[in-house]
2 protein chains.
Amino acid sequence: MCFRGFVLVLGEQREAVRLFNNPGAQECADVIMSAASKRRAVIVLGVCEVSYRGRTSSELARGERLVIVKEDGSLLVHRTWGYKPVNYMPPGAMVYAKSDSGSVVISAKRGSESMRVVFHKVYLAATLNFRDDSSFEQKGTEAQMRDAVVFYPELVEKGLRVLTHEFQVKSGFVDLMALDSRGRLVAIEFKANPAKTADVNQLIAYVSRLRALSKERGIRGVLAAPSINKAARKLLVDSGLEFKRLDKDECLRVLEEFKPTMSLLSFIEKGDEHSA
Amino acid sequence: MCFRGFVLVLGEQREAVRLFNNPGAQECADVIMSAASKRRAVIVLGVCEVSYRGRTSSELARGERLVIVKEDGSLLVHRTWGYKPVNYMPPGAMVYAKSDSGSVVISAKRGSESMRVVFHKVYLAATLNFRDDSSFEQKGTEAQMRDAVVFYPELVEKGLRVLTHEFQVKSGFVDLMALDSRGRLVAIEFKANPAKTADVNQLIAYVSRLRALSKERGIRGVLAAPSINKAARKLLVDSGLEFKRLDKDECLRVLEEFKPTMSLLSFIEKGDEHSA
DNA sequence: CGTGCCAGGTGCCAT
DNA sequence: ATGGCACTTGGCACG
């Protein structure tokens, strides 16, 4: 079956989806422009080719793909495999569509970047009038690990006292600065994922900066993560730094326990925030 | 208009898209399972909620969204805005769909990760029987900048001789090792984007390793990038390292010029590849 | 706006 | 499989 110009409206209470089956080039371009003006998303299924100029440049020859034009101006070209779009424009692009000798040309511009999708054949276009104001809640991030240690420093070691977070040195920001039970400064870098060599390099850069600032004072560097790979641990130890295993779930438990009783700010603000 | 169970087949020569308007829960689940068994992608438009457990955990409450089940097992939940899917499973997941008291439940598992999408209402499902074997060609990457310098070292400086690439030290891999006209070793780190502090830190780590290996020999460190931000340049200079502006287009021109006449390998293989 | 840095990063390629 | 690293990284927070 092949219907040209057949339009379906879906959604029981409200027109949530408007379908255009086998639209002509001009109709499809109109659909996209009309949706853009109403800040609605459009999906297009069909045969297209794509070119991109900007941070790099790329060419994608003819093939059947799914294109999504979103209400914020982002534009995604998806193949039938892979997590990532093969081509895209990030949010904020200006998207135009026009008919050109039987093809639909979608162009998107954003600063010095531009993308052009040419559809030789459109099987289906659909405009989405969607409602979606639900919040997205996530648990188990690095920031939460750090917060847990702020609340309960013993997660790292006994007698630790937190001084400040995001302490600035030339090479960047130290996640957490603390004092150990013997009065030594401790720079702590958190990683939510297994620590790699690059993470150790980051800590090395920070600690060497801190040592340059305070030559007489002993400064410890601690990498706190769920685990660490072998090469990274070797580099860490060779550089005189330490690893502390930090369990994500345990951090979450601590957060759950402390959150009702204390505010994070009251802890954080105790630390002096100077810049180095 | 609201059609239940109305099926359209789109594509003139071949059934490229099969549409299911307002499918029932069981029908929709069947469509997804059937597509999965044939390694075909499916898109689903409707009202859903999503939960994820794995590297972190997340909850996304009810809302209207676009879900893509791809032929490689990847699963994307897209809202009508934003470049990224709000929830997803990477390629390789096992995807199942079933009907459960009027809802469609899509679950995906991959190692210790799992995701669950519950559709309370499906406006549209579509199976994609797409052909797309075009290659994706990209120009202007960091690797190409490095190749250009291998062909024509003068892009960095006169008299430079390339020794080897991806030279391994404990902190990682040095993009390119070379000798300058005065016989000093030069470690070169390429960046396709404006260089940041983190990039300087990377070079610092490499050069300090190289200096530890060869204390008597003078070792230069060069960061080659289209540009460098202010803080990064300061850190670079303070660390006794150098910046070399490298224009992407010029690198591409050099590549275009040299590619016909010489093979990259003949250059690369001249260098000795030892490990440090 | 630039700068820094995390991300459920993903993807590619090396050992 | 693990590791190292680029990516049109995207995204957020902060000065």
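Per chain, numbering begins at 1; letters A, B, ... match sequence-line order.
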Q: Determine: side-chain N/O of A:Lys191 to OP1/OP2 of C:dC6, distance under 4.0 Å, yes or no.
A: yes

(Q) I'd like the C1' distance from C:dA7 over to C:dG11, given in whole Å. (A) 14 Å

Q | Nearest-angstrom distance from the residue atom CD of B:Gln202 to C1' of C:dG4 | A | 15 Å

Q) Is A:Lys191 salt-bridged to A:Asp199, cutoff N-O under 4.0 Å? A) yes

Q) How long is the line joining CZ of A:Arg233 and C1' of D:dG3, in whole Å? A) 16 Å

Q | Atom CZ of A:Arg110: over 12 foreign heavy atoms under 6.0 Å | A | yes

(Q) In this structure, how many angstroms lie between the C1' atom of C:dA7 and the CZ atom of A:Arg146, rounded? (A) 15 Å

**Q.** Nucleotide nearest A:Asn229 (side chain, heavy atoms from C-beta), chosen from C:dC5, D:dA6, D:dG3
**A.** D:dG3

Q: Answer yes if the side chains of A:Glu49 and A:Ser51 hold a donor-acceptor pair under 3.5 Å, and no otherwise.
A: no

Q.
If I take atom NE2 in residue A:His165 and atom C1' in nucleotide D:dG15, what distance separates them, rounded to the nearest angstrom?
A. 14 Å

(Q) Please classify the nucleic acid contact of A:Gly172 as base, sugar-phosphate, or nothing, using heavy-atom distances under 4.0 Å. (A) sugar-phosphate

(Q) I'd like to compare against my own output: the B/S/- annotation of nucleotides 8-15 of chain C with a strict under-4.0 Å heavy-atom distance to protein. (A) BSBS----

Q. Is the distance between the ring centroids of B:Phe167 and B:Phe173 under 6.0 Å?
A. no

Q | Distance-only polar pair, side chains of A:Asp132 and B:Thr80, donor-acceptor under 3.5 Å | A | no

Q: Using the C1' atom on both, measure C:dA14 against D:dT8 and round to a whole Å.
A: 24 Å

**Q.** Nearest-angstrom distance, C1' atom, C:dC6 to D:dC7
**A.** 15 Å

Q: Salt-bridge test for A:Arg253 and A:Asp249: reply yes if a basic N is under 4.0 Å from a carboxylate O, no otherwise.
A: no

Q. Over how many whole Å does the gap from B:Leu203 atom CG to D:dA6 atom P extend?
A. 12 Å

**Q.** Salt bridge A:Glu113-A:Arg53, side-chain N to carboxylate O under 4.0 Å
**A.** no

**Q.** Distance test, side-chain N/O of A:Gln168 to OP1/OP2 of C:dT3, below 4.0 Å
**A.** no

Q: Taking atom types as modelled, find out whether B:His78 and B:Lys84 have a side-chain donor-acceptor pair closer than 3.5 angstrom.
A: no

(Q) Suppose you measure atom C1' in C:dC5 against the same atom in C:dG9; what distance do you get, rounded to whole Å? (A) 12 Å

Between protein and nucleotides 12-14 of chain D, what N or O pairs are separated by less than 3.5 Å?
none

Q. Does A:Arg146 pair with A:Glu189 as a salt bridge, N-O distance under 4.0 Å?
A. no

Q) B:Tyr206 has an atom OH; how far is it from atom C1' of D:dA6, in whole Å? A) 11 Å

Q.
Here's a test of your reading of the structure: between A:Glu142 and B:Lys230, which maps to the more 5' nucleotide of DNA chain C?
A. B:Lys230

(Q) Just the rounded figure in Å: distance from C1' of C:dT3 to CG of B:Leu236. (A) 16 Å

Q. Separation of A:Asp175 atom CG from C:dC5 atom C1', in whole Å?
A. 9 Å

**Q.** Phosphate-side-chain proximity, B:Thr197 and C:dT3, N/O vs OP1/OP2 below 4.0 Å
**A.** no

Q) B:Phe173 has a side chain; which of C:dA7, C:dG4, D:dG4 sits nearest to it? A) D:dG4

Q: Step through the shown structure and confirm whether more than 12 heavy atoms of other residues, nucleotides or ligands are within 6.0 Å of OH on B:Tyr96.
A: no

Q: Give one of base, sugar-phosphate or nothing for A:Glu189, where a contact means two heavy atoms less than 4.0 Å apart.
A: sugar-phosphate

